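Before any comments, here is the structure.
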Amino acid sequence: MKMNNYVKTALLLFFSVLVALLLAEASLALVGYSSHSFHQSDSLLGSSLRANAEGVWKQEGNAVVKINSDGLRDVEHALEKPQDVFRIAVLGDSYMEAFQVDFERSFPRLLQQNLQHKGTLAGKKIEVINFGCAGYGTARELIMLQQHVWKYKPDLVLLAFLTANDVRDNSKALNKVEYIPYLKFPSF
């Protein structure tokens, strides 16, 4: 008889906790809180944007974030560049990734809009592709260029370098992060 009471009590406790967790999750969703994971582990880059991730970023600023199918904070772009397009690739860190603002207010998007309003370049439409990712220094941006950017056949590549942290992001001694790649220089 006692065993049945213990089983009933354990089941009641289990389902009570389950209902409480579901209610907490629903409450957080109703107020717009989310803990989306936009980044993933990457064997070459240390980390990269997770393809097709989307959600609301509220850590700094407040913006809807959508990552495209190729892991870029951008709209979808065809790999094959149309003949009537002048394609610009932008590499950079969190300033280019720009989770703090809606995509339409990010630097790469504003660059495209401003260049299009100036007319065409050599009779071609302007297309800017955003390859920015938080925490990237030039070593990781070089890997991004080699592994991902070239397949889009850009006509121009822009590198956004932030003196405030990109020097540190390129040095294992300064950055002290083990899982990301760093440039290795020969010793003399």
Side-chain angles (χ1 to χ4, degrees), residues 28-29 31-162 164-166 169 180-181:
L28 290 172
V31 297
Y33 178 82
S34 64
S35 60
H36 298 285
S37 175
F38 295 107
H39 295 90
Q40 65 184 0
S41 178
D42 187 294
S43 61
L44 290 174
L45 294 160
S47 65
S48 60
L49 294 176
R50 190 168 50 89
N52 300 312
E54 60 181 85
V56 177
W57 181 265
K58 292 187 177 188
Q59 291 178 13
E60 298 174 272
N62 185 2
V64 173
V65 174
K66 292 182 181 180
I67 310 303
N68 74 14
S69 64
D70 202 26
L72 307 174
R73 178 156 193 232
D74 208 329
V75 297
E76 295 292 335
H77 294 277
L79 282 179
E80 201 58 43
K81 183 179 66 164
Q83 294 233 319
D84 64 339
V85 168
F86 185 87
R87 186 173 272 177
I88 302 171
V90 178
L91 290 159
D93 60 8
S94 60
Y95 280 76
M96 292 305 107
E97 181 187 69
F99 280 1
Q100 299 78 6
V101 298
D102 288 328
F103 174 69
E104 294 299 321
R105 294 182 52 219
S106 68
F107 171 79
R109 192 60 169 184
L110 291 172
L111 175 64
Q112 178 175 310
Q113 291 168 355
N114 285 324
L115 289 174
Q116 284 176 342
H117 285 115
K118 303 286 184 205
T120 61
L121 184 63
K124 296 184 176 190
K125 297 176 201 165
I126 308 297
E127 180 182 60
V128 178
I129 304 177
N130 182 7
F131 291 91
C133 190
Y136 279 22
T138 51
R140 293 166 85 184
E141 291 157 351
L142 176 60
I143 295 168
M144 175 67 88
L145 177 72
Q146 294 168 334
Q147 298 296 317
H148 300 286
V149 174
W150 290 136
K151 68 184 178 184
Y152 284 93
K153 300 174 182 66
D155 297 295
L156 177 69
V157 176
L158 297 178
L159 173 64
F161 185 86
L162 181 66
N165 65 8
D166 281 354
D169 290 340
I180 65 173

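For clarity, every value in this text was computed on a predicted model and none was experimentally measured.
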Query raised in the report: Of all residues at least two apart in sequence or in a different chain, which pass the salt bridge (charged side-chain N to carboxylate O under 4.0 Å, His left out) check with E60?
Result: none

Query raised in the report: When rounded to the nearest 0.5 angstrom, what distance separates CG in L111 from CG in L158?
Result: 6.5 Å

Requested in this report: For residues S37 and A53, report the shortest heavy-atom separation together with the two atoms involved.
Outcome: O-CB, 4.1 Å

Query - From CA spacing to verdict: side chain to side chain donor-acceptor pair (under 3.5 Å), H117, Q112 - result: CA-CA 9 Å; H117 285 115; Q112 178 175 310; over 6 Å; no

Query - Under 3.5 Å: donor-acceptor pair, side chain of N62, backbone of K58 - result: no

What side-chain donor-acceptor pairs closer than 3.5 Å can you find for residues 86-95, not counting sequence neighbours?
unit_1: R87; atom_1: NE; unit_2: E127; atom_2: OE1; d: 2.5
unit_1: R87; atom_1: NH1; unit_2: A78; atom_2: O; d: 3.3
unit_1: R87; atom_1: NH1; unit_2: L79; atom_2: O; d: 3.3
unit_1: R87; atom_1: NH1; unit_2: Y152; atom_2: O; d: 2.5
unit_1: R87; atom_1: NH2; unit_2: A78; atom_2: O; d: 2.9
unit_1: R87; atom_1: NH2; unit_2: E127; atom_2: OE1; d: 2.8
unit_1: D93; atom_1: OD1; unit_2: Y95; atom_2: N; d: 3.1

**Report entry** Distance (rounded to the nearest 0.5 Å) between L162 CG and D169 CG
**Finding:** 8.5 Å

Query raised in the report: Where is the tightest heavy-atom contact between H148 and K151, given as atom of each residue plus distance?
Result: O-CG, 2.9 Å

Query raised in the report: Under the side chain to side chain donor-acceptor pair (under 3.5 Å) criterion, do Q100 and Q59 qualify, and how do the steps go?
Result: CA-CA 8 Å; Q100 299 78 6; Q59 291 178 13; over 6 Å; no

Requested in this report: Please name all residues satisfying side-chain contact (heavy atoms from CB on, under 4.5 Å) with K153, sequence neighbours left out, ordered by chain then number.
Outcome: E80

Report summary line: Hits for salt bridge (charged side-chain N to carboxylate O under 4.0 Å, His left out) against D102, two or more places apart or cross-chain, chain-then-number order -> none

Query raised in the report: Is there a side-chain contact between Q116 and N114 (heavy atoms, below 4.5 Å)?
Result: no

Query raised in the report: Side chains of K124 and V85: does their closest heavy-atom pair fall under 4.5 Å?
Result: no

Report task. Answer yes or no: is there a side-chain heavy-atom contact under 4.5 Å between V149 and P154? Result -> yes

Query raised in the report: How long is the span from the CG atom in L72 to the CD1 atom in I67, to the nearest 0.5 Å?
Result: 8.5 Å

Query - Audit row: V101, W57, side chain to side chain contact (heavy atoms under 4.5 Å, CB included) steps and yes/no - result: CA-CA 9 Å; V101 298; W57 181 265; over 6 Å; no

For residues 129-143, dump all side-chain donor-acceptor pairs below 3.5 Å to protein atoms at least two apart in sequence or in another chain.
unit_1: N130; atom_1: OD1; unit_2: G132; atom_2: N; d: 2.9
unit_1: N130; atom_1: ND2; unit_2: R73; atom_2: O; d: 3.2
unit_1: N130; atom_1: ND2; unit_2: M96; atom_2: O; d: 3.0
unit_1: Y136; atom_1: OH; unit_2: S47; atom_2: O; d: 2.6
unit_1: T138; atom_1: OG1; unit_2: N170; atom_2: OD1; d: 3.2
unit_1: T138; atom_1: OG1; unit_2: N170; atom_2: ND2; d: 2.8
unit_1: R140; atom_1: NE; unit_2: L45; atom_2: O; d: 2.7
unit_1: R140; atom_1: NH1; unit_2: G135; atom_2: O; d: 3.1
unit_1: R140; atom_1: NH2; unit_2: L45; atom_2: O; d: 2.9
unit_1: R140; atom_1: NH2; unit_2: S47; atom_2: OG; d: 2.8

Report summary line: D166 meets the salt bridge (charged side-chain N to carboxylate O under 4.0 Å, His left out) criterion, sequence neighbours left out, with none

Query - Stepwise side chain to side chain contact (heavy atoms under 4.5 Å, CB included) check, L49 with E97 - result: CA-CA 9 Å; L49 294 176; E97 181 187 69; 3.2 Å; yes

Query raised in the report: E54 versus V64: any side-chain heavy-atom pair under 4.5 Å?
Result: no

Query - Salt-bridge contact D74-K66 (side-chain N to carboxylate O under 4.0 Å) - result: no

**Report entry** Distance-minimising heavy-atom pair for V75 and H77
**Finding:** O-CD2, 3.1 Å

